[in-house]
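Residue numbering restarts at 1 for every chain, and letters A, B, ... go by the order of the sequence lines.
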Amino acid sequence: MTSTTTAPERVEVEAPEKTWSGQNVPRKEDRRLVQGQGVFVDDVKRHGMGYVHFVRSPYAHAHITSIDVSQAEQAPGVYGTLTGEEVAALTDPFFQISSVPGGNIQDYALALGKVRYVGEAVVAVVADTRERARDASELVEVEYEPLDALTDARRARDADAPVLHDEAGGNLMWEGVYEWGDLDAAFAEADHVVKIDELHFHRFNSTPLECDGALVEYNRGVAQWTITTNNQFPGFAAIMMGPAMRCGLDKLRFVTQDIGGGFGNKITSHPQLVVCCLLARKLNRAIQWTEWRTDFHLSMSHGNERWFHETEVAVKSDGTLLGFRTKALDDAGAWLRYEPLGGVIWAQVTPGMYRWRHIRLEFTQVATNKAPVSPNRGYSRMQHLWFTERVIDIVAHELGLDPIEVRKRNYIRADEMPYETPNGCVYDSGDYAQMLDVALELIGHEQLEQRRQDAESRGKLLGFGIGSTLDSGTNNFGQSRMINPELQFSGNNEVATVKLDIFGEIVVTLGTTPQGQGHETTAAQVVADILKCSVDDVHVRAGHDSYWNSHAGFSGTYASQFAVTGLSAVKGATEMLRDEIFKLAGAVFGGVPPEALELADGGIRIRESPEAFLPFMACGAIINANNAGLPEDLGVTLNCRYVYRPPFQVPDVERKFGNLTLTYAAQIHTVVIEIDPDTGYYELIDYAAVDDCGKRINPQIVEGQVMGATAQALGAAMHEHFAYDEDGNLLTPNFYDYHVPHALDMPPLRTGSIETPSPFTPLGTKGMGEGGGAGIHAICAAVQDALRGHGDAIVWDSCNPYHRVWEMLNDPKAAGGSVSVSAA
Amino acid sequence: MIVSGDRTFTAPREAVWGVLNDPASMAKTMPGVESFDVHDPTHWTANVKIPLGLGGLRMKVDMEKLEEREPEFAKLAIKGQGVGAMMRMETQFELSDAPDGGTAMHWTADVRIAGPVGSMGQRVLQPIVNQQVQHVLTALDREVKAAASEPA
Amino acid sequence: MLLREVGYARPESLAEAIDLLAENDGARALAGGQTIVNVMKARAASPDALVDLNGLDELKGIDLAANGTLSIGAMATYTEIVESAEARARPILGEVCAQIADVQVRNRGTIGGNVCSNDPTNHLPPLMVALDATMTIAGKDGERDVDANDFFLGVYLTAVGTGELLTKITLPAGTADGFASVTLGADGTCICSAAASVNGGVHVAVGCVAAVPVSVHPGSSEEQVVREAVRDAAIDAPSDVHASSAYRAHLAEIVAVRAVNHALEAKR
Amino acid sequence: MAAISPSKTISVSINGTTYEREVEARKLLIHFIRDDVDLTGSHIGCDTGNCGACSVIVDGTLVKSCMMLAVQADGATIETVESLAEGDELSKLQQAFSAHHALQCGYCTPGMLMSATALLRANPSPSDDEIKKALQGNICRCTGYWNIFEAVKAAAS
């Protein structure tokens, strides 16, 4: 059941004995990508297109007292400009997901009257070359009247705090109390109460290597825009943009081929897309927008920064966890572009992987003068799971227990699956204790003490840490009603079409917008298994076009769901096509019943007389081009569309109770670190990651997701931080100061897996790809472990660069977290 | 970024005060001044080009005197706007008679820099600011000496 | 990305390059371009013109004199230095150059560009100071030599004046040199660095803590002596997102000691 | 004497084709390759010379084409990712990248392949550390690099 590899062996693409699913089929996407033949958004050009450059705010918070574009408009090569006032005249504010007070804010595509973070777009300038657009943007004169900036969420509700949005009456955007079980009883039963004053999950994101971009064309005759873009969730962009632009959604055609990484960070580019649409119409030409790295860091999709205050944990002497209370304070940045959904998404994994039943979490989200937050790989669950993992390790530390034992004692057991959490989510399957055993074995845990002594003899401090994490996939959008009961969203869906073309080609279209997850390949594997053909016979259209691909309301690539929603839709559509082929062949063969037929060798034949064979090419030709004489009631088109709808109910909004996600993949990571106590510098010297995502269609792709998410977590745990100074300047606006892991930073990695198929999904699969947060949890635990006996600082922040480690070693009281234990 | 320091001048307080409050003398202390306009006794504008080895940094600098108590205290607001940078600075100085008969100056400046130059990182900006401050102080010394040696 | 308009010239001789720089006040030399092009992308600073020194063979040579003196043309790339047999006469040079950035940057970046840009995080300014290098600057009026200790004037600012060029760097013989740093990730940007030479007395230069390398001459190579010497240098280190001022000042002592120890090892 | 000029006509050989174009002095080589010559395989992932997505080989030397001006490439011979395959036949390295799942989104891949190509030309059987060191200037945000190391190792053997 366990495999240990650092890189899977190549598997020859020959028809497998059993099924294509489960094989490491090399990806269909690779051939174009390794030749530089991918089509990314910035590769697309149009005759006479204008390049847009945004004038951005240098201030974190300021009134705009005047804007003068006259000089810029006179500059060489300039086609025109767009200001916030024009946007406000031409569009309505974006729809707000939040109930009041956050629901009252007025969000437009460009700043109007005020800027609220450094890097906010104020004016757009279009010119005939990229360089001239930027030249002209320097001629735009914007007068600002600076205001005090709010950069610390903890000050947001102070009486003297600067207020970002007057319409909201303060900086509170959304708040809600979640409580399940009987907290009083749990704390009465507890032997100890562990109190943790403050924990902080820092601000970062996945920094996909390709930044955002678009090429927007306007067709004046039919008042329709074609938006070639790398937005990863066009369905969401459309419902944000259509009402704002006062147009029907079919007037917005989204086109994508290859996307250079997304990780959730490319969901909320709708403000920039609106600007491009307005400019395309105003200037009567195609508008090209390339976001540069510094623009991205300044303004796009930071991950949610979150504080946890006044945490109290009820625990028995033997380490049995009964429950916890905490106050989560979420820093949304300046705008609610996808928020406050983070205020409920965390609840998909309320108890983490543990059996505690009594939980109270007061969630508050505030606005600050920083870039808006938006989904980032592990969105909102990562913050919460980091919290639960930190709690486990702090409890173990304070009570002198072994973190492995505390985990094993409290993990939800395999025999309890499916497990209903205190808030009504149903964990489908899993065996966390077994995964931990695999992870311990891979890292060589039994030699740990020996290695610790060896490290100490070299003057180094060795630390070991575990990170457990859940990757909840396939959202029930009904959870949004807990944020705002007025919202009419629930359930989820994804769609696929599969057809046989005139010459028998099998053509698949997806509703998704993949960014490297290999959808073309895994979809082909599913189709090939059903139609008994080769993956090479299955053509899955690259990318997405909302005009000619299938498309459903929640279509897109986000929230760990393709293996469930996407592939289930593919499966459904392929089965429809298969049934139609049976029907057609039955008629062609003169009334042969389906049970007498079988698929084989790229066609269909009569079981008992295999020479009666109808190749797919013939099927396609008959239906499409040679259909005279077919029975009138045949009802076969060989072009099948299937919408997969996961089995969800509308959650109980009053109790905040219900199943919020369909599947729960899991990851457990272990890490060994060595700290140089003189400098705080540390290295990851060994790393293991164990994954369970149910049935794996393409294990190599799954493992690639595990590895990639792990690398992102390592970066986040050690270096990656969107740090602001007190004036609201971003201190890490590029890869020079925002250090992402490089080749030399990577530790040796061992990977393992177990497979507990999901009982709830058509293929036994679970969505995956977002479980990498485990690396952050594990490194925090390892740092704390290394500091044991060397000041015993409590690791309270999710990002621990060298200077913080050194500070914790040298002044553990000041630099570490504050924790106390009291008898209950 | 708050920078502060103390400096002692051999000149009498009036001479120091005179230099610090004479736009023309001040212009001579600033780095890379290309032009200097006095709008009224409390508002001045300078166009400067801060010299950097890789090419100069041009800025239009507006200064406003916020407060003064002659001859001991003044407070200035300085706003610089360049294409690559925005600078805001509030600076104040206090003059007193030094024990040895010269003039003691205590000064503080709260400097804030934003814009693309800000993105070069604090490791670059702080040394640049420190260095420019040193430049100003050295020039100030020179101006004060010159003023003190001139017949009033 | 997206530079301001800039003029460009590719002179064919050193004399021509100096003329171009002398006649155009706003012109700057373009060496490897691994710093200046990035600064221009940010539009943080914008020279009016670039005088491209690539192709000037007179600035490229690496020569070892009979007395062990090593002279390196300002346009020698890091890769050329790493691969040069002559440069191995002062082994630390290649060792440090091999740590700079990455292959691509090492292939284009030059020793002259590194010292002339004098970004506080650069590796070579402290190394040149510790090794008591001599910097040869050419201008309209001929050449002049500047001691590395006097060469660095500020961030992006050196003794190379308008209309002048750094042409070569000369290092006296010696092998007892060391370098140590704490970097952002493995072999990343320096958070604090130090170079040391114990060929004669002990000479240490600390990088990343001020606009120019901080040069100290500890009385001995003893750890406490080195630490105190660094402490006595009254380092007012900048604080940034990677290090507080206090942490950087502390690192200065640590890396200074490590650099000295490294140099002592090389001496054995 | 060479004159200072805001633009220049350059002649550059890229993947065996010679292009003659007038370019502004301020145009970066990567923009020339992508926008002027329409070879969009080389990418841009940062604006500080850190990411390596624009890596190409200029006169046999691996460089980041975002830190070179197009005018500096006058007379040069440039190889980009588009040159690696022989017609329909992928190079050994390209095949290894696919076989070892060394790419996901594929955005860093062209630069990564050029760095690995330069490595293998100079050092046909690199050690693990040499591979890591050779790829240090190329950022990948999808794979965590491990499969890339394996792919390069496989192509070398």
- Item | Verdict with supporting geometry, Y51(A) and H53(A), ring-ring contact (aromatic ring centres under 6.0 Å, His included) | CA-CA 7 Å; Y51(A) 295 89; H53(A) 194 94; over 10 Å; no
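In this structure, chain C has heavy atoms under 4.5 Å from both the backbone and the side chain of T679(A). Contacts between L251(C) and chain A at a heavy-atom distance below 4.5 Å involve the side chain alone, from C-beta outward. Looking at H719(A), the atoms closer than 4.5 Å to chain C (heavy atoms on both sides) all sit in the side chain, from C-beta outward. Contacts between N810(A) and chain C at a heavy-atom distance below 4.5 Å are absent for every atom of the residue. Looking at I191(C), only its side chain comes within 4.5 Å of chain A, counting heavy atoms on both sides.
Within a 6.0 Å radius of CD in E683(A), other residues, nucleotides and ligands contribute 12 heavy atoms or fewer.
In terms of heavy-atom pairs under 4.5 Å with chain C, the best-connected choice from R804(A), M718(A), H739(A) is H739(A). Put simply, of V255(C), L184(C), I254(C), the one with the most heavy-atom pairs under 4.5 Å next to chain A is L184(C).
When only modelled atom types and interatomic distance are considered, Y738(A) and E720(A) share a side-chain donor-acceptor pair under 3.5 Å. In the model, H721(A) has no side-chain atom that pairs as donor or acceptor with a side-chain atom of T732(A) under 3.5 Å.
For the salt bridge (Lys or Arg N to Asp or Glu O under 4.0 Å) with E253(C), the lone residue among R248(C), R227(C), R258(C) that qualifies is R227(C).
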